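Read the structure below first, then the notes.
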Amino acid sequence: MGNRAFVSDRNMKLGVYLHWNGGRDSIEAFCEYCRIHEFEFGTGEMPLWVSHFSQVVMNMFGPGSTSVVVEPFEGSWTAGDDNGLYIIDNWRIVGRYREDWYNYKTGEHSEWPPYGEPDKDDWQLLMAPWDRGEQRTHDLNEFLHDLDRSQPEDMQLGDEYIDAPEVRPESLGVGDEVAFIDGIYGKVKRYRVERIDEDGNPLVYDRDWVVAPYRRLDEQAGLFRKMN
């Protein structure tokens, strides 16, 4: 019993098993929250996304939950059979699959492993495209707000930040208020555009930058949200 899923990346070396909230609407919300929080995705043998994704989901479930498990891909990806396998890249879902058992002697296909069958050695596990429909129960924006409130206070983005539109720096003018994630502390910082330089770049005043307090917004990597 559950609403299970397995999430991995294109390398298919490591993944996250979810016992609950494995529907596509939930997985999209978890990924979108990590994206707007500007968590690094990363790949490789120990990809960073696994830690960030697991942390966000575990915070939602609360302490002591056993609903999230980090596991090797091989031998584990079929555990999420309610909703199958999600492949994500840079916080976007890029692949959906399910297990498909194929009997190479008879040509049969089955959704279920042939445990205990006399011809079990004739079956092999394949990865088939997901074709069972998608769960669309949760509203994405509402889910993001609820997810944010479930995080530790010093990690929360706040309702206003989540709802604010993403903008490009060049679209801003003097007096506009902009917020972005501080690259060092991971906190939301809010500024007012003070002036536009000779190249058309908006400048904000940052008291933490003692030597050169006026910052060009295009020097700050990441997302910008217009707050007014």
Side-chain angles (χ1 to χ4, degrees), residues 1-101 110-116 125 127-128 130 132-157 162 186:
M1 183 178 178
N3 192 20
R4 298 163 292 183
F6 196 84
V7 183
S8 189
D9 57 34
R10 294 183 190 271
N11 292 328
M12 300 184 189
K13 299 293 185 182
L14 198 65
V16 180
Y17 165 78
L18 300 180
H19 191 74
W20 296 104
N21 285 89
R24 188 179 184 111
D25 48 1
S26 294
I27 303 301
E28 286 179 341
F30 297 143
C31 287
E32 177 65 2
Y33 187 78
C34 291
R35 185 190 73 84
I36 65 176
H37 220 302
E38 299 191 43
F39 291 141
E40 185 176 350
F41 189 78
T43 55
E45 293 298 319
M46 294 296 290
L48 288 173
W49 74 264
V50 171
S51 298
H52 295 313
F53 185 92
S54 301
Q55 178 187 21
V56 166
V57 181
M58 283 295 295
N59 287 339
M60 185 190 76
F61 286 140
S65 173
T66 57
S67 296
V68 182
V69 183
V70 176
E71 296 184 295
F73 183 89
E74 192 67 32
S76 300
W77 73 269
T78 59
D81 54 359
D82 294 309
N83 293 281
L85 169 66
Y86 295 86
I87 300 297
I88 63 174
D89 185 29
N90 289 322
W91 304 121
R92 302 293 190 193
I93 297 172
V94 296
R96 292 284 283 117
Y97 301 96
R98 62 170 177 83
E99 62 179 303
D100 178 37
W101 289 90
S110 174
E111 298 181 3
W112 308 105
Y115 299 138
L125 176 61
M127 190 180 292
W130 181 257
R132 300 180 185 173
E134 299 285 12
Q135 178 178 302
R136 294 291 186 187
T137 304
H138 304 293
D139 175 80
L140 176 60
N141 188 259
E142 291 180 3
F143 199 120
L144 289 174
H145 284 283
D146 290 341
L147 186 58
D148 188 55
R149 286 188 281 269
S150 72
Q151 307 303 305
E153 186 174 351
D154 62 354
M155 185 178 160
Q156 293 177 15
L157 297 172
I162 291 174

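This one's a predicted model, so the numbers in the text were calculated from it and none came from an experiment.
Proximity of a side-chain donor or acceptor of Y86 to a complementary backbone N or O of G22 within less than 3.5 Å is detected. Of the possible donor and acceptor atoms, one in the side chain of S8 sits under 3.5 Å from a partner among the backbone N and O of L14. Checked by atom type and distance alone, the side chain of D25 pairs as donor or acceptor with a backbone atom of H138 at under 3.5 Å.
Here the closest heavy-atom approach between residue D100 and residue A128 is recorded as CB-CB, 3.7 Å. Pairing each heavy atom of F73 with each of M12, the nearest pair is CB-O, 3.1 Å. For the residue pair F41 and D89, the shortest heavy atom distance occurs at CZ-CA, 3.7 Å.
Within 6.0 Å of the CE atom in M155, the count of heavy atoms belonging to other residues, nucleotides or ligands exceeds 12.
For W49 and F39, the gap between ring centers reaches or exceeds 6.0 Å.
Under the 4.5 Å side-chain criterion, counting only non-hydrogen atoms from C-beta, R132 is in contact with E111.
With values rounded to the nearest 0.5 angstrom, T43 atom OG1 is found 10.5 Å from R10 atom CZ.
By the 6.0 Å and 45° rule, R96 stacks over the aromatic ring of W130.
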Indicate every side-chain donor-acceptor pair of residues 52-59 with a distance under 3.5 Å to a residue at least two apart or in another chain.
unit_1, atom_1, unit_2, atom_2, d
S54, OG, V50, O, 2.7
N59, ND2, Q55, O, 3.2
N59, ND2, Q151, OE1, 2.7

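Each of D148, L147, N141 was checked for a side-chain contact (heavy atoms from CB on, under 4.5 Å) with H145, and the lone residue meeting it is N141. Of the candidates N21, D82, N3, Q135 forms a side-chain hydrogen bond (donor to acceptor under 3.5 Å, both in side chains) with just one, namely N3.
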